[in-house]
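Note sheet for the following structure.
Worth saying up front: this structure is predicted, and the values here are computed from it rather than measured. Just so we're on the same page: letters track the sequence lines, and every chain starts at 1. All values below were derived from every heavy atom in this structure, side-chain atoms included, with hydrogens, water molecules and symmetry-related copies excluded.
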Amino acid sequence: DYTLYLFAALGSFLIAYIAVPIAVVFIKQASDVGMLVKTLHDPYVVEAVRNSLLTATATALIALLFGVPLGYVLARRDFPGKSVVQALVDVPIVIPHSVVGIMLLVTFSSSILDSYRGIIAAMLFVSAPFTINAARDGFLAVDEKLEAVARTLGASRWRAFLSISLPMAFSSIASGAIMTWARAISEVGAILIVAYYPKTAQVLILEYFNNYGLRASRPIAVVMVSLSLGIFVILR
Amino acid sequence: DYTLYLFAALGSFLIAYIAVPIAVVFIKQASDVGMLVKTLHDPYVVEAVRNSLLTATATALIALLFGVPLGYVLARRDFPGKSVVQALVDVPIVIPHSVVGIMLLVTFSSSILDSYRGIIAAMLFVSAPFTINAARDGFLAVDEKLEAVARTLGASRWRAFLSISLPMAFSSIASGAIMTWARAISEVGAILIVAYYPKTAQVLILEYFNNYGLRASRPIAVVMVSLSLGIFVILR
Amino acid sequence: MLEVREISKDYREFHLRDITFSVKRGEHFIILGPSGAGKTVLLEVIAGIIAPDSGKIFLNGEDITGLPPEKRGLAYIPQNYALFPNMSVFDNIAFGLKVRKVPKAEIEWKVKELSEVLGISHLLGRKPKTLSGGEQQRVAIARALAVEPELLLLDEPFANLDVQTRGRLINEMKRWKKELGFTALHVTHSFEEAVGLGDRVGVMLNGRLVQVGAVREVFSRPVSEEVARFLGFENIIEGLAEGRILRANGLMIELPAEASGKIRVGIRPEDIVLSDEPLRSSMRNTFRAEVVGLEELGLLVRVRLKAGGVELSAFVTRSSVLELGLDAGKNVWVGFKASAVHVF
Amino acid sequence: MLEVREISKDYREFHLRDITFSVKRGEHFIILGPSGAGKTVLLEVIAGIIAPDSGKIFLNGEDITGLPPEKRGLAYIPQNYALFPNMSVFDNIAFGLKVRKVPKAEIEWKVKELSEVLGISHLLGRKPKTLSGGEQQRVAIARALAVEPELLLLDEPFANLDVQTRGRLINEMKRWKKELGFTALHVTHSFEEAVGLGDRVGVMLNGRLVQVGAVREVFSRPVSEEVARFLGFENIIEGLAEGRILRANGLMIELPAEASGKIRVGIRPEDIVLSDEPLRSSMRNTFRAEVVGLEELGLLVRVRLKAGGVELSAFVTRSSVLELGLDAGKNVWVGFKASAVHVF
C-alpha cells in the first residue's frame with residue numbers, strides 16, 4: 001500500500017522534528033554534567049525556577065477559583081450571548097504573546113509592571129482557557145439528572161454541586177488545571193513585557209543565552225523541559 | 001438560584017479579564033490615531049509585519065505538507081507505538097517557549113540561527129500539533145467504508161484519498177491550518193532565542209517597548225491583535 | 001394529595017397543554033402515553049426541575065409551583081435511575097438523610113430496614129456501576145423512599161430492564177407498596193405496567209391528558225378514536241348503528257350491545273382471524289376480504305385487507321402467511337367476535 | 001464463479017471459521033445469520049478490505065486472495081450505502097467509470113441508462129444527504145452496477161429502510177435483476193429477504209457457515225438444532241420415534257412422516273395454539289399443559305408451558321392472554337398440527 005507508506009514517511013518527519021530536539025538537548029547535556037551541577041547551585045537559577053513554579057501554581061489556583069464556576073455555568077445554563085462568551089474564552093490562544101503583554105500593560109499599567117502580580121497576570125491571560133474548557137467539559141459529562149435527583153432528595157444546588165458534580169468532574173478539572181499550569185510556565189513573550197523582574201526561569205534562559213551563550217542557558221532548559229515532560233506524563 | 005448567580009459572578013471575572021484588555025488597547029489607541037498612522041508608515045514595522053506574515057504562512061504550509069499525511073495515518077492505521085506518537089504530537093504545548101528555542105539551537109545550531117529558517121523552525125515546533133490533530137480528527141470523521149467502496153469501484157488508495165477523504169476532511173484541516181498560522185504568529189519566546197533577526201512583528205513589539213516605551217509599541221500590538229481576531233472570526 | 005391544574009409548558013419538542021389531574025394518597029397513578037408525548041417533561045415540572053409556562057401545582061392544598069425541588073418533598077426517580085456513581089450504594093440511599101442532618105445511627109437503621117425490604121442488603125458496599133439494571137432500580141427506589149417523600153415520581157421505571165426482570169419487579173413493586181405504603185405517580189408507555197400496577201391511569205397523547213379513569217375502564221372504553229388507536233384498536237370503522245347491527249360501507253357488523261345513529265367502533269388487529277374457509281364457530285362477524293398488502297413486524301405480519309369498502313388490518317404469524325399463502329390479491333375469510341368490537 | 005475456500009479470520013469480536021461456499025453466475029446467494037455472526041466481516045474479506053488469516057478466494061478460477069479491492073472487480077454496497085457525500089448523485093454513479101477513464105459521452109449514456117432502470121433519473125443533480133433511504137439504496141446499486149462488476153456484494157441492503165419501502169424495494173430488486181442481469185452475494189438477518197430474493201441460502205452462525213442449500217430446503221430441513229433454533233423452532237423435543245409416533249417424556253407426538261430411533265423435532269412457537277377446551281379440529285397433537293410463565297414481546301406474548309415432562313413455548317396475542325386468563329399455574333390445552341413438526 002504505497003500511498004500509506006509515503007504518508008507514513010512524510011508524517012515521520014514531523015514526529016522526528018518534535019522528538020529529536022528533545023532527545024538531543026538531554027544527550028548533549030549528559031556530556032556536560034559539570035555545567036548542569038553548577039547551574040543547579042547557581043542562586044539566580046534556583047530563585048528563577050522557584051519564581052516560575054510559584055507564579056505558575058498561583059495562576060493555576062486563580063484559574064481554578066474563577067474558571068470552575070464559569071465552566072459550570074457554561075455547562076448548565078443557556079443565556080443570551082453565551083456563544084460570545086464561549087468565543088472569548090478561546091481568544092487568548094490566537095493573540096501574539098507580546099501583544100498580550102502590551103494589552104495588559106495598557107490596561108493595568110504600573111500596578112502590574114515588574115511584579116509577581118504582573119507575571120501572574122500574563123500567565124493567567126494565556127492559560128485560563130484550559131481550566132475553563134476542561135471544567136465545562138467535565139460538568140457537561142455529568143448527567144444533569146443526577147443534580148435534579150439530589151435536589152428532589154432535599155439538597156440545595158450548592159450541596160448537589162459539592163456532593164455530586166464537583167467530585168465527578170474532578171479528574172477533568174484536575175487535568176485542565178495541570179494544562180493551565182504547564183501553559184503558564186511555558187509563557188515568555190507576555191512576561192518579558194509585563195514583568196522582566198522578578199526573574200522567572202523562562203526569562204532567565206533568555207538572559208543567560210544573550211549574556212553567556214548556549215552552554216550557560218542549556219542546563220536551565222534541561223531542568224525546565226524535565227519539569228514539563230514530568231507534568232505531561234502525569235497528565236497522560 | 002443563588003449558587004448559580006454566585007458562580008456567574010465569579011465566572012464573569014475571567015471573561016472581563018480577557019475582554020477588557022482587548023477593548024482597552026483599541027480604545028486607548030483610538031485617542032492616539034496619529035501614532036498609529038505613523039507606525040503604519042514606519043518601514044521597520046512594515047518589514048516586520050511582512051516577515052511575520054510570511055514566516056507564519058510558510059509554517060502553516062509546511063505543517064500541512066507533513067501534518068496531513070501524518071493525521072491520515074493516525075486516523076486510519078493502528079501500529080505499535082501509536083500512543084507514543086500521539087503523545088509526542090501533544091508535547092510541544094507544554095514545553096516553555098524559551099526552552100523550545102534552546103532545544104532547536106542545540107540541535108540545529110548555526111544552520112537556523114538568525115534566519116528565516118530559524119523563525120519557521122521555532123514556529124513549526126510549537127504550532128504543527130494543531131494541523132496534525134485537526135487532520136486526524138477530520139479523517140476520523142470520514143467513514144472508512146467510503147474509501148473501501150471507492151476502492152472496490154476501482155480507485156487506488158491515493159485516488160480514494162484525493163476524491164473522497166481529502167475533500168470531506170477539508171474544512172477540519174483548513175481550520176487546523178488557520179490555528180497553526182495563528183499559533184505561529186503568536187510565538188515570541190522561541191524566536192527570541194533562535195532568530196532575533198530577521199525581525200518579526202512579535203519581536204519588534206518587544207524591541208520598541210524596550211527602546212521607546214509603551215506608546216511606540218502599542219500601535220504594532222493593535223495591528224497584530226486585529227490580524228489575530230480577524231483570523232479568529234473567520235475560524236468561528 | 002397532589003393536584004395538577006392546567007399546566008402548560010413548551011420545552012424542546014414537547015408541548016404540554018392544560019394538564020389537569022390529581023393523585024390521591026396511597027394511590028398508584030399511571031400516566032400512559034407513547035414516547036414523545038411529554039411524560040418526562042410533566043414529571044420534571046411536578047418535581048420542580050422545569051418551571052411550567054402556566055398552571056399551578058398543589059400538594060396537600062399548598063401551592064408548590066414556585067418552590068425549588070428541594071423544598072417540595074417529592075422524590076424523583078428518572079428513567080436511568082441516576083444513581084450517584086461517586087458514592088457507594090449505602091451512601092446513595094443515605095444521601096437524603098445526610099442532607100437532612102439525621103443522626104448517624106438513625107441513618108444506618110433506616111438504610112438497613114429499607115434495603116432489607118427491597119432485598120439489596122448485600123449490595124450496600126458496592127458502587128452503582130457494578131450493579132445489574134434490576135439492582136440499580138431497587139437502590140433508586142430505596143434512595144427515594146429513605147426521605148419518606150409525600151409522593152414518588154417514577155419515570156419509566158421498568159424500561160431499562162430485560163423482559164424477565166421486568167415481570168418479576170412489577171410483581172415485587174406491588175409487595176413493596178403494601179409493606180412501605182407510598183403514593184406513586186408513574187409514567188410509562190407500557191400497557192403491562194399500567195394494567196399490572198395502576199389504580200388509575202391517565203392517557204397522555206401529544207402533550208394533552210386525554211382520558212383519566214380506572215384502568216379497566218380506560219382500556220375498555222376509550223373516549224376517542226385517538227385514545228383507541230393508541231390502545232391498539234387499529235381498525236376504526238364508522239357506520240350507522242341500529243339495534244345490535246352496524247352498517248358500514250357494505251359490511252354488517254354485529255355489535256356487543258345495542259346502539260343507534262352514527263357511531264365508531266374499534267377492533268384490535270390481533271382479534272381478527274384469517275382463514276381459507278368460513279370459520280364454523282361462535283364468531284358472528286365473518287366476511288370475504290381481499291389481501292391488499294403485507295408488512296413484516298418482527299414475529300408478526302400485518303395483513304392489510306379490504307372487505308367491502310372497509311379497510312382492515314389483521315396480525316398473523318409468519319407461519320400463517322406461508323400456510324394460507326397470503327399475498328396481495330388473494331381472497332380470504334376474515335372473522336372476529338362481536339365481543340372484540342369496542343364502541344366509543 | 002466466486003469460490004470461497006476455508007476462510008478464517010479473527011477481527012474484533014468476530015471469528016470466521018473455515019467458511020467455504022461458491023456462488024454461480026447469475027445467482028442471488030443469501031448469507032443468512034443473526035447480527036454478530038460475522039457476516040459483514042466475511043463480505044469485507046471477499047471485497048479485499050480485510051485480509052483473511054487463512055483460506056483463499058477464487059474468482060472465475062483465479063486466486064484473488066492477495067489482490068487489493070480495486071483489482072478484484074467486485075462492487076461492495078455496505079449497510080449504510082456509503083454514498084460519497086461530497087458528490088452529486090450523478091458523480092456518485094459515474095465515479096467508477098471516471099476512475100476507469102471512460103469517455104465522457106459514454107459515462108453520461110451509461111449513468112442515464114442505469115438511473116432510468118432504477119427510477120432515479122430525477123435525482124441526478126441532488127446531493128446524497130437530501131435523499132430518502134430508499135433513494136439512497138437505488139443510487140448505491142446504480143453506482144455499483146455502473147462498473148459492471150462480476151459480483152455485487154450487498155450488506156443488509158434493506159435494513160435501514162422502513163417497513164413499507166423495504167417490501168416495495170425487495171420486489172423491485174427482482175425486476176432489476178432480470179433487466180440488468182447481475183450476480184449477487186447478499187448478507188442479511190431477514191427471513192423475508194432470504195425467502196423473497198434468494199436462489200440459494202447459507203446459514204451463518206457464530207462465524208461458521210453451518211448449512212448451504214436452496215431456500216425452501218434450508219427452511220424446511222435445518223441440519224442441526226442450532227440452525228433450527230435460529231430459524232425459529234424454539235421448541236426442540238427429543239424422543240424415540242416409532243413409525244409416525246414420537247414418544248418424548250410422557251408425550252406422544254404424531255410426526256409428519258415415519259421415523260425410527262432417537263430423533264429431535266422442532267416446532268415453532270407461533271404454530272402452537274392454546275385454548276380452554278380441547279380443540280375439535282384436524283390437529284392431531286393435543287395435550288393438557290400448565291402455564292409456567294409469560295413474557296411480553298411487543299405485540300405478542302411468549303407463554304412458557306409444561307406438558308408432561310416437556311417444556312414448550314407458544315406465542316399468543318395480548319388479547320388472547322386476557323381472554324384465556326393466562327397466568328402462571330393455569331391449565332390450558334395446547335395443540336399443533338403434525339405438519340408443524342419438523343424432524344431433523
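- Note: B:Leu74 CG to A:Ile15 CD1 = 6.5 Å, rounded to the nearest 0.5 Å.
- Looking at B:Ile132, the atoms closer than 4.5 Å to chain A (heavy atoms on both sides) all sit in the side chain, from C-beta outward.
- Between A:Val24 and B:Met103, the closest side-chain pair of non-hydrogen atoms is not below 4.5 Å.
- Neither the backbone nor the side chain of B:Tyr2 comes within less than 4.5 Å of any heavy atom of chain A.
- Note: B:Trp158 and A:Phe7 have perpendicular aromatic rings, judged against thresholds of 30 and 60 degrees for the angle between ring planes.
- When side chains are defined from C-beta on, A:Ile193 counts as touching B:Ile205, because their heavy atoms get closer than 4.5 Å.
- Only the side chain of A:Phe161 comes within less than 4.5 Å of a heavy atom in chain B; its backbone stays farther off.
- If you measure heavy-atom distances from A:Phe66 to chain B, the contacts under 4.5 Å come from both the backbone and the side chain.
- Residues A:Val99 and B:Val25 form no side-chain contact, since every pair of their non-hydrogen atoms from C-beta on lies 4.5 Å or further apart.
- Among A:Arg183, A:Arg76, A:Met179, A:Gln29, the residue making the largest number of heavy-atom pairs under 4.5 Å with chain B is A:Arg183.
- The two residues A:Leu65 and B:Leu10 make their nearest non-hydrogen contact at O-CD1, 4.3 Å.
- Only the side chain of A:Ala128 comes within less than 4.5 Å of a heavy atom in chain B; its backbone stays farther off.
- Interface remark: B:Leu88 contributes backbone and side-chain atoms alike to the contact with chain A (heavy atom separation under 4.5 Å).
- In this structure, the portions of A:Glu187 lying under 4.5 Å from any heavy atom of chain B include both its backbone and its side chain.
- Options A:Ile22, A:Val222, A:Val85 differ in how many heavy-atom pairs under 4.5 Å they form with chain B, and the most are formed by A:Ile22.
- Of the two parts of B:Ala121, the backbone and the side chain both hold a non-hydrogen atom closer than 4.5 Å to a non-hydrogen atom of chain A.
- The two residues B:Lys28 and A:Val106 make their nearest non-hydrogen contact at NZ-O, 3.2 Å.
- Of the listed residues A:Ala182, A:Gly189, A:Ser98, the one with more heavy-atom pairs under 4.5 angstrom with chain B than any other is A:Ser98.
- Between B:Val188 and A:Val188, every side-chain heavy-atom pair lies at or beyond the 4.5 Å cut-off.
- Here the side chain of A:His97 pairs a donor or acceptor atom with the backbone of B:Ser186 at under 3.5 angstrom.
- Minimum interatomic distance between B:Ser217 and A:Ile102 (heavy atoms only, all atoms of both residues): OG-CD1, 3.1 Å.
- With contacts defined as side-chain heavy-atom distances shorter than 4.5 Å, the pair A:Pro69/B:Leu6 does not qualify.
- Looking at B:Ile231 and A:Val94, their side chains never come closer than 4.5 Å, going by heavy atoms from C-beta outward.
- Annotation for A:Leu4 and B:Tyr72: closest pair CD2-CE2, 3.8 Å, computed over non-hydrogen atoms.
- At a 4.5 Å heavy-atom cutoff, the contact between A:Arg77 and chain B is made by side-chain atoms alone.
- A:Phe209 touches chain B through its side chain: at least one heavy atom from C-beta onward sits under 4.5 Å away, while N, CA, C and O do not.
- Only the side chain of A:Phe108 comes within less than 4.5 Å of a heavy atom in chain B; its backbone stays farther off.
- The contact between A:Tyr17 and chain B is made by backbone and side chain atoms together, counting heavy-atom distances below 4.5 Å.
- Counting only heavy atoms from C-beta outward, the side chains of B:Pro92 and A:Ile18 approach each other to under 4.5 Å.
- There is no contact between A:Asn210 and chain B, counting heavy-atom distances below 4.5 Å.
- Both the backbone and the side chain of B:Leu124 have a heavy atom closer than 4.5 Å to some heavy atom of chain A.
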